[in-house]
Chemist: 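To start, I am sharing the structure in question, which I have written as structure tokens.
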Amino acid sequence: MTTANLLEYDLEGLAAFCEKLGEKRFRATQLFRWIHQRGASEFGQMTDLAKSLREKLAGTARIESLKVLSQHESADGTIKWLFDVGDGNAVEAVFIPEDDRGTLCVSSQAGCAVGCRFCSTGHQGFSRNLTTGEIVAQLWFAEHFLRKHLKRDERVISNVVMMGMGEPLQNYSALVPALRTMLDDNAYGLSRRRVTVSTSGVVPMMDRLGLDCPVALAVSLHAPNDALRDDLVPLNRKYPIAELLDACRRYLAHAPRDFITFEYCMLDGVNDQPEHAKQLIELVRGAHGVSCKFNLIPFNPFPASGLLRSPQPRVLAFAKLLSEAGIVTTVRKTRGDDIDAACGQLAGDVKDRTRAAERMAQRRLAEHTVTVHPARRATTKPGVQEH
């Protein structure tokens, strides 16, 4: 008999499941708390549930997390897990500890179909969407592992960023129930301001998210004009910058924060020149302007990209130009790069069944959308202090 994995359900879904078993809604709330707040994986542990309900659950349901294939801990305390999602596919999640918060970076897909040039995940191709349970399982496992690992009784993970493998808004139907579980006070009780969905700009789904489950939004911009962004973020050909910024303004009407975060990966000689900064200033202050902050991300090179990291002085000069224009700008710390857990490095042990790297190389040669001439190799030491 096939049993239901209860990690797949938000509270409404679990209430519907319990109703089919002839149980009242408050039983679903009890069950939800046992699973997510206490990390229970066996129904026998749930001592305040009626024995009859535990017997029903034993025959119809399970609490099944993901198998951990590997765990690596960085010198800076960052921890990366590689999870098995079956059929030779794997996804990664990363815990990033800070003095004032603990952030978990969560994956939404095995691979990614967007194919951004600077992202190693995109170069492996796309395998499949994760289910709601597979998304939630990353948080469920990490939270309760970390409590034991760090010998803490209180919540460890205060922030979740959907910035792992995949484009979250291309897996919308699984994403939203997972977000609702993260936000629910009977589960993880995270603030909407502390749950962030990162998107490369899937405009229609940005509008839906604003109505269905508004959380903090981060947009992978990476270029100040359509010609360059077409090459770096191929989705821009479908939803160009003007449409994207319009969607950002619409989202702000529902968002828990009064700004959109624009992520901008600094690529040596590609998008890091003073004229690029000036174009960005004009872009967000002009006709399509939007309340925003910029997060400048040091690129983490990998051989297939053909790109290099911008030198540190150039990154800081770029940040200064934006800041002097009145735009809040930070430079992201490089965390976990010694275990390939830094931004853009999540690739896992997933086979490139779609020959994505080969296809991307052929496309760039054929189209020449933008001629990119990387500057000299950066010699500065990776890692910066966040402003």
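Please read all numbers here as calculations on a predicted model, not as lab measurements.
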Chemist: Just by distance, no angles: are the side chains of Arg194 and Asn159 close enough, under 3.5 Å, to form a donor-acceptor pair?
Modeler: yes
Chemist: Do you know which of Thr29, Leu179, Leu190, Leu11 makes side-chain contact (heavy atoms from CB on, under 4.5 Å) with Asp184?
Modeler: Leu11
Chemist: May I ask you to check whether Asn89 and Asp87 show a side-chain donor-acceptor distance below 3.5 Å?
Modeler: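 On atom types as modelled, these side chains do not qualify, holding no pair under 3.5 Å.
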Chemist: How about Val284 and Phe262: do any of their side-chain heavy atoms sit closer than 4.5 Å?
Modeler: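 Answer yes - side chains close enough.
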Chemist: So, the side chain of Glu42 versus the backbone of Ile63: is there a donor-acceptor pair under 3.5 Å, distance only?
Modeler: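 Checking the backbone N and O of Ile63 against the side chain of Glu42, no donor-acceptor pair under 3.5 Å is found.
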Chemist: Do Lys293 and Arg257 have side chains that approach each other closer than 4.5 Å (heavy atoms only, starting at C-beta)?
Modeler: no
Chemist: Is it true that the side chains of Asn171 and Ser108 contain a donor and an acceptor less than 3.5 Å apart?
Modeler: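 No.
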Chemist: Are a donor atom and an acceptor atom from the side chains of Ser158 and Arg101 found within less than 3.5 Å of each other?
Modeler: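 Result is no, nothing qualifies.
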Chemist: Taking all atoms of both residues into account, what is the closest heavy-atom pair of Val202 and Gln170, and its distance?
Modeler: CG2-CG, 4.1 Å
Chemist: Side-chain donor-acceptor pair under 3.5 Å between Glu98 and Thr103, yes or no?
Modeler: no
Chemist: So, Arg193 side chain and Pro256 main chain: donor-acceptor pair closer than 3.5 Å or not?
Modeler: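 Between the backbone of Pro256 and the side chain of Arg193 there is a qualifying donor-acceptor contact (under 3.5 Å).
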Chemist: Out of curiosity, Thr199 OG1 to Tyr239 OH, how far, rounded to the nearest 0.5 Å?
Modeler: 10.0 Å
Chemist: Are Met205 and Leu211 connected, step by step, through hydrophobic side chains (Ile, Leu, Val, Met, Phe, Trp, Tyr) whose heavy atoms are closer than 4.5 Å?
Modeler: no
Chemist: Does one side chain, of Arg27 or Gln30, offer a donor that lies under 3.5 Å from an acceptor on the other?
Modeler: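 There is such a pair (donor and acceptor under 3.5 Å, judged by atom type) between the side chains of Arg27 and Gln30.
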Chemist: Taking all atoms of both residues into account, what is the closest heavy-atom pair of Arg117 and Ser305, and its distance?
Modeler: NH2-O, 3.5 Å
Chemist: For Asp153, is the CG atom crowded, meaning more than 12 foreign heavy atoms sit under 6.0 Å from it?
Modeler: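 No - once you tally the heavy atoms of other residues, nucleotides and ligands closer than 6.0 Å, there are 12 at most.
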Chemist: If you draw a 6.0 Å radius around CD in Gln45, do more than 12 non-hydrogen atoms from other residues or ligands fall strictly inside?
Modeler: yes
Chemist: What pair of heavy atoms forms the shortest contact from Ala277 to Phe318, and how long is it?
Modeler: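 It is N-CE1, 3.5 Å.
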Chemist: For residues Asp246 and Arg249, report the shortest heavy-atom separation together with the two atoms involved.
Modeler: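 The pair with the smallest heavy-atom distance is OD1-NH2, 2.5 Å.
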Chemist: May I ask you to test the Leu267-Leu232 pair for a side-chain heavy-atom distance under 4.5 Å?
Modeler: yes
Chemist: Within the side chain of Thr329, is there an N or O that forms a donor-acceptor pair under 3.5 Å with the backbone of Ile327?
Modeler: yes
Chemist: Using a strict 4.0 Å threshold on nitrogen-to-oxygen distance, state whether Arg229 and Asp226 make a salt bridge.
Modeler: no
Chemist: Check whether any side-chain heavy atom of Leu53 sits under 4.5 Å from a side-chain heavy atom of Leu31, and report yes or no.
Modeler: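 Side chain of Leu53 against side chain of Leu31, heavy atoms only: no contact under 4.5 Å found.
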Chemist: Test side chain to side chain donor-acceptor pair (under 3.5 Å) on Arg62 and Asn5; report intermediate values, then the result.
Modeler: CA-CA 5 Å; Arg62 68 189 191 282; Asn5 183 6; 5.1 Å; no
Chemist: Using 0.5 Å steps for rounding, measure from the SG atom of Cys18 to the CZ atom of Phe32.
Modeler: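 Here the rounded value is 11.0 Å.
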Chemist: Measure from the side-chain N and O atoms of Asn271 to the backbone N and O of Cys265, and report whether any donor-acceptor pair falls under 3.5 Å.
Modeler: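 Checking the backbone N and O of Cys265 against the side chain of Asn271, a donor-acceptor pair under 3.5 Å is found.
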Chemist: Quick check on Glu19: does its CD atom have over 12 non-hydrogen neighbours (other residues, nucleotides or ligands) under 6.0 Å away?
Modeler: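 Not more than 12 within 6.0 Å, no.
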Chemist: Is Glu143 paired with Arg147 through a side-chain N to carboxylate O contact shorter than 4.0 Å?
Modeler: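 Yes, Arg147 and Glu143 are salt-bridged.
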Chemist: Testing the 3.5 Å rule here: is there a donor-acceptor pair between the side chains of Glu263 and Ser220?
Modeler: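 Indeed, the side chains of Glu263 and Ser220 share at least one donor-acceptor pair under 3.5 Å.
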Chemist: Determine whether the side chains of Asn295 and Thr330 contain a donor N or O and an acceptor N or O closer than 3.5 Å.
Modeler: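 Note: Asn295 and Thr330 side chains meet the donor-acceptor criterion.
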Chemist: Shortest non-hydrogen contact from Leu69 to Ala90?
Modeler: CD1-CB, 4.0 Å
Chemist: Roughly how far, to the nearest 0.5 Å, is SG of Cys119 from CG of Leu307?
Modeler: 12.0 Å
Chemist: Within a strict 4.5 Å, meaning less than it, do heavy atoms of the Leu209 and Tyr251 side chains meet?
Modeler: yes
Chemist: Measuring only between side-chain heavy atoms, which start at C-beta, is Tyr264 closer than 4.5 Å to Leu280?
Modeler: yes
Chemist: Should Pro298 and Val315 count as side-chain neighbours, where that means a heavy-atom distance under 4.5 Å?
Modeler: no
Chemist: Using a strict threshold of under 4.0 Å (side-chain N to carboxylate O), is an ion pair present between Arg180 and Glu12?
Modeler: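 No salt bridge links Glu12 with Arg180.
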Chemist: Where does the angle between the aromatic ring planes of His144 and Tyr188 fall among parallel (under 30°), tilted (30 to 60°) and perpendicular (over 60°)?
Modeler: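 The arrangement is tilted - the two ring planes meet at 30° to 60°.
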Chemist: Kindly assign one of parallel, tilted or perpendicular to the pair His123 and Phe302, based on the angle between their ring planes and the thresholds 30° and 60°.
Modeler: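 Judged by the thresholds at 30° and 60°, the geometry between His123 and Phe302 is perpendicular.
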Chemist: Any idea which heavy atoms bring Ser107 and Ile135 closest together, and the distance?
Modeler: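 Taking Ser107 first and Ile135 second, the nearest heavy atoms are O-CG1, 3.9 Å.
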Chemist: Using a 4.5 Å cut-off on heavy atoms from C-beta on, say whether the side chain of Val161 contacts that of Val106.
Modeler: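 They are not in contact (no side-chain heavy atoms under 4.5 Å apart), so the answer is no.
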Chemist: Run the ring-centre check on Phe83 versus Phe141 and record whether the distance is less than 6.0 Å.
Modeler: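 Distance test on ring centres: under 6.0 Å, yes.
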Chemist: Keeping the roles fixed (side chain from Thr132, backbone from Ala174), state whether a donor-acceptor pair exists under 3.5 Å.
Modeler: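 Here the side-chain-to-backbone pair exists.
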Chemist: To the nearest 0.5 Å, how far apart are CD in Glu55 and NZ in Lys51?
Modeler: 5.5 Å
